[in-house]
Amino acid sequence: MNISVTTYGSHSALQILKGAKDEGLKTVLLCPRSRRKFYERFRLADELLLVDNVEDLIRGHIQKTLMNMGSILVPHGTIISDVNISKFIRDFKVPIFGNRELLLWESDRELKERLLKEAGIKVPRSFSSPDEVDCPVIVKLPGAEGGKGYFLASGREDLIKKLTKMSVKTNCEFYIQEYVIGVTVYPHFFYSPLKEEVELLGVDRRYETNVDSLGRIPASDQLNLDMQPTYEVVGNIPLVLRESILEKFFDIAERFVEATKRLVPPGIIGPFCIEAACRTPDDVVVFEFSARIVAGTNLFISGSPYSYLIYGEEMSMGRRIAREIRLAYETSDLEKLVT
Ligand code: AMP
């Protein structure tokens with residue numbers, strides 16, 4: 001079999017490599033030099049190609065080596081956050097598992113909002129100017145990764161005050177979004193182009209600092225401390241949803257799949273995550289999506305309650321990707337999975 005599952009050494013690389021090995025596929029790791037020892041400990045990569053950073057992936061000799069090894073690159077969050085994504089999807093000629101155009105839609109907030117709206121999914125309001133704000137908002141920086149630099153404002157005046165304090169122009173490229181008061185939920189889906197079906201493989205919630213620690217401080221002390229919540233992901237916590245609301249999430253996921261087919265053909269291929277906040281069990285608002293594997297799936301390397309229901313074996317997202325590749329290879333359908 002002249003194919004190998006290839007990924008970059010960070011984010012969910014161990015899971016992706018393990019999944020490929022479990023499916024009997026060859027594995028290649030593009031490994032940052034500084035992390036060689038770490039990745040070698042796990043012995044999951046058949047080939048380790050040392051690179052300086054993720055931008056090295058588009059270098060001619062690296063691409064040539066990957067082509068010779070029949071590489072299929074499985075992209076993850078580091079590829080979205082650490083490269084110029086338009087350049088990457090244009091210049092990286094090695095097959096990518098998934099729809100490379102969608103990586104661009106994920107990284108552009110306006111395209112992202114357009115796709116969710118086109119899908120008929122309930123999204124938070126967004127504001128083009130602080131003057132329009134009439135509710136609590138979360139302010140997101142361009143290209144911010146993992147919630148870095150986001151901040152909360154309780155309303156218009158608070159927002160203007162905070163922006164002035166930061167000495168930024170109020171018409172700058174901040175993305176101002178309604179803050180949804182509700183619990184956050186991050187279901188991990190897989191769309192199989194071979195089966196033409198959406199599978200739910202796990203759910204997590206993110207553990208974010210310092211917002212998830214504020215509740216440990218009594219209200220009277222919070223007032224004295226003048227604390228501001230921040231939203232940087234530190235880890236992920238497993239979650240199961242009330243069975244009665246699972247259908248709602250399948251409905252959202254299927255709408256998402258259909259919208260990607262209409263707007264970004266051939267549509268989503270493989271893993272994606274819907275980032276939602278539930279105001280009530282019936283009132284679900286989607287504030288983001290990821291169009292590739294998310295790090296929350298690292299919780300379920302040996303499977304989740306949901307993947308067990310479907311497969312009855314240890315099925316991680318990484319392994320599910322590899323299984324789709326293996327099945328497509330066996331039926332000469334690989335072109336349905338790569339772009
Ligand atoms: P993101 O990078 O967009 O996934 O956001 C990082 C974190 O900020 C999320 O995991 C949430 O905790 C929080 N967050 C982002 N957008 C919203 C929103 N519109 N309403 C409430 N919380 C949000």
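The first residue of the sequence shown is numbered 1, and numbering continues consecutively from there. As the structure lists them, so they are numbered: ligands from 1, and atoms in each ligand from 1.
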**Asked** Is it the case that more than 12 heavy atoms not belonging to Phe151 sit under 6.0 Å from its CZ atom?
**Response**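 Atom CZ in Phe151 is packed in, count exceeds 12.
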**Parallel, tilted or perpendicular: rings of Tyr231 and Tyr150 (30°, 60°)** =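 Ring orientation of Tyr150 relative to Tyr231: tilted.
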**Asked** When only distance counts, is Thr184 in polar contact with ligand 1, meaning an N/O pair under 3.5 Å?
**Response**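 Not met; the criterion fails.
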**Request:** Check whether any N or O atom of Tyr231, backbone or side chain, sits under 3.5 Å from an N or O atom of ligand 1, and answer yes or no.
**Result:**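 No; the residue has no nitrogen or oxygen that sits under 3.5 Å from a nitrogen or oxygen of the ligand.
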Check ligand 1 against [X] and write out every atom of the ligand that is under 4.0 Å from a heavy-atom position of the residue.
{"X": "Arg206", "answer": "4 (O)"}
{"X": "Lys140", "answer": "3 (O), 15 (C), 16 (N)"}
{"X": "Val180", "answer": "18 (C), 20 (N), 21 (C)"}
{"X": "Glu178", "answer": "18 (C), 19 (N), 20 (N)"}

**Residue of the set Leu66, Val83, Ile62, Ile79 for which side-chain contact (heavy atoms from CB on, under 4.5 Å) holds with Phe92** =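 With Phe92 as partner, side-chain contact (heavy atoms from CB on, under 4.5 Å) holds for just one option, Leu66.
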**Prompt:** Out of Glu157, Arg156, Lys162, which residue meets the side-chain contact (heavy atoms from CB on, under 4.5 Å) rule with Ile160?
**Reply:**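 Running side-chain contact (heavy atoms from CB on, under 4.5 Å) over Glu157, Arg156, Lys162 with Ile160 returns exactly one hit, Arg156.
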**Lys112 vs Phe289 side-chain heavy atoms within contact, under 4.5 Å** =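 In short, these two side chains touch, coming nearer than 4.5 Å.
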**Item:** Structural part of Tyr186 in contact with ligand 1, heavy atom criterion under 4.0 angstrom
**Value:**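 It is the side chain that touches ligand 1; the backbone stays farther off.
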**Prompt:** Heavy atom under 4.0 Å from ligand 1: found in Tyr179's side chain, backbone, both, or neither?
**Reply:**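 The part of Tyr179 near ligand 1 is both the backbone and the side chain.
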**Prompt:** So which of Glu199, Glu197, Glu314 actually passes salt bridge (charged side-chain N to carboxylate O under 4.0 Å, His left out) with Arg320?
**Reply:**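 For Arg320, the salt bridge (charged side-chain N to carboxylate O under 4.0 Å, His left out) check succeeds only for Glu199.
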